[in-house]
Amino acid sequence: MEKHTAIITGASQGLGKAIALELVKQGTDLILVALPQSGLLYLGNFLERNFTVKVLCIEADLTQMDAVDFIFNRVSEHDMVPNILVNNAGLGNWDWFSDKSLHFYKMQIDLNITNTVCLTRMFLENRSELQSYILNVGSLAARFIVPKKQVYGATKSFISYFTNCLRLEMAHTNISVSLLSPGGINTRPELLEQNQQLTGFARLTILDPDKVARMAVKGMFEKKRHIVPGWANILLLYLDYIIPLRFQEMIIRKRLKSFLGDKRLVP
Ligand SMILES: NC(=O)c1ccc[n+]([C@@H]2O[C@H](COP(=O)([O-])OP(=O)(O)OC[C@H]3O[C@@H](n4cnc5c(N)ncnc54)[C@H](OP(=O)(O)O)[C@@H]3O)[C@@H](O)[C@H]2O)c1
């Protein structure tokens, strides 16, 4: 069997770490990227000690222009040639547009969009000749108009468009391109706390990172175009196709008004 080598961004915690664990169980060599001081080196040591794989940890801030060159230089110094790229690192938030700084939005766009495009471009130049896979982590937020996720959702819409186009462009090559669109994931403690307050159907849309990672890796190797983890999220997507936008907006306004009581939503 061919040995896979995967680059995973944002691998120190959350979904990225769960995808790393899923791939390592299948004997994949790993190139893990996260911010400095994120516990990445500890994770890398643990994986190398417990699995027969090679793990290279690269600490880099992916919002910096030179990060992509830095990563591929380190990869080639270690004689590793990737055939899988998981563009996972992403910065989310849940705030009114005017409550976050210019600096925050620039960082969010740099990480969620610019880095994904640049890393993908460099991966295509530096990948091995083996069957290759690109897994771009989007979000269901890309499909729904969700106030307080205005820039985040838009960055994920970009990822969705980019992935779908790239998949078509790569159709006659040995590179498969997949989009992962999760609903909520219990990753960081604050999200877990927030998600635990949800009730009814909304609660069913939330999944644990290991479950999402399992479905993501399976879908990627099956060369799926769009991976949506969880039946509740698939149902939401279906409803999005059939319910007119005007009606969706009405529901969102009504729900936000009753939950948050914020006057900014009232026209
Ligand atoms: N959680 C959800 O509910 C949810 C839902 C849908 C989609 N998603 C998407 O899933 C992906 C992973 O989300 P998550 O919840 O697992 O995120 P997370 O727990 O916040 O982890 C983010 C990862 O990205 C790394 N990272 C952040 N900024 C970075 C930077 N500038 N340079 C390099 N690495 C950086 C973090 O490193 P450090 O450990 O050093 O901070 C961490 O490893 C994201 O693309 C997100 O948009 C998440």
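Order of listing sets the numbers, starting from 1, for every ligand and every atom in it. Throughout, residue positions are numbered sequentially from 1 according to the sequence presented.
Among Asn88, Ile19, Val137, the residue whose heavy atom lies nearest to atom 45 (O) of ligand 1 is Asn88. Scanning Gly92, Gly138, Gly14, Ala18 for the heavy atom closest to atom 7 (C) of ligand 1 points to Gly138. Nearest-heavy-atom check against atom 39 (O) of ligand 1 across Ala142, Ala20, Ser12 picks out Ser12.
Numbered from 1 in the order shown, with element, the atoms of ligand 1 that lie under 4.0 Å from a heavy atom of Ala11 read 43 (O). Of all atoms in ligand 1, listed by their number and element, those nearer than 4.0 Å to a heavy atom of Ser139 are 6 (C), 7 (C). Contact atoms of ligand 1 toward Ala60: 32 (N), 33 (C) (distance under 4.0 Å to a heavy atom of the residue). The atoms of ligand 1 that sit less than 4.0 Å from any heavy atom of Leu15 are 10 (O), 16 (O). Near Gly184, meaning under 4.0 Å from any of its heavy atoms, are these atoms of ligand 1: 3 (O). Of all atoms in ligand 1, numbered sequentially from 1 with element shown, those under 4.0 Å from a heavy atom of Thr63 are 31 (N). Every atom of ligand 1 with a heavy atom of Gly90 under 4.0 Å away is listed here by number and element: 44 (C), 45 (O). Using a 4.0 Å cut-off to heavy atoms of Ser38, the atoms of ligand 1 that qualify are 38 (P), 39 (O), 40 (O).
When heavy-atom distances to ligand 1 are checked against a 4.0 Å cut-off, Asp61 comes that close through both its backbone and its side chain. Neither the backbone nor the side chain of Gln37 has any atom closer than 4.0 Å to an atom of ligand 1 (non-hydrogen atoms only).
In this structure, a donor-acceptor pair under 3.5 Å is absent between the side chains of Ser178 and His226. Side-chain contact check for Asp110 and Thr63: no donor-acceptor pair (N or O, by modelled atom type) lies under 3.5 Å. Under the 3.5 Å distance criterion, with hydrogens and angles disregarded, a donor-acceptor pair is assigned to the side chains of Thr120 and Asn87.
Remark: minimum distance from atom 2 (C) of ligand 1 to any protein heavy atom is reached at Ile185 N, 3.5 Å. Protein heavy atom nearest atom 35 (C) of ligand 1, with residue, atom name and distance: Leu35 CG, 3.8 Å. Here the protein heavy atom with the shortest distance to atom 41 (O) of ligand 1 is Gln13 NE2, 3.5 Å. Ranking the protein heavy atoms by distance from atom 47 (O) of ligand 1 puts Tyr152 OH, 2.6 Å first. The single protein non-hydrogen atom nearest to atom 18 (P) of ligand 1 is Arg188 NE, 3.7 Å, given as residue, atom name and distance. The protein non-hydrogen atom at the shortest distance from atom 6 (C) of ligand 1 is Gly183 O, 3.3 Å. Counting protein heavy atoms only, atom 32 (N) of ligand 1 is closest to Leu62 N, 2.9 Å.
Salt-bridge check for Glu125 with Arg121: passed, with a basic side-chain N closer than 4.0 Å to an acidic carboxylate O. Ion pairing between Asp240 and Arg143 holds under the 4.0 Å rule for side-chain N and carboxylate O.
Considering every non-hydrogen atom in both Gln108 and Val151, the closest pair reads OE1-CG1, 3.3 Å.
Heavy-atom contacts from other residues, nucleotides or ligands closer than 6.0 Å to OH of Tyr238 number 12 or fewer.
Results of the side chain to side chain contact (heavy atoms under 4.5 Å, CB included) test with Leu32 over Ile7, Val24, Leu47 single out Leu47 as the only residue that passes.
Judged by distance alone, with hydrogens and angles left aside, the side-chain atoms of Lys54 form a donor-acceptor pair with the main-chain N or O of His78 at under 3.5 Å. Remark: side-chain polar atoms of Lys223 are not paired, donor with acceptor, to backbone N or O of Tyr133 under 3.5 angstrom. Although no hydrogens or angles enter the test, the distance criterion places a donor-acceptor pair under 3.5 Å between the side chain of Asn88 and the main chain of Gly10.
Note that atom 13 (O) of ligand 1 has no protein non-hydrogen atoms nearby, at separations under 4.0 angstrom.
Residue Leu191 has no nitrogen or oxygen atom sitting less than 3.5 Å from a nitrogen or oxygen atom of ligand 1, judged on distance alone. The shortest N or O to N or O distance between Gly10 and ligand 1 is below 3.5 Å.
Checked against a 6.0 Å centroid threshold, the rings of Phe97 and Tyr105 count as neighbours.
In this structure, the separation between CG on Asn164 and CD on Glu169 is 11.5 Å, given to the nearest 0.5 Å.
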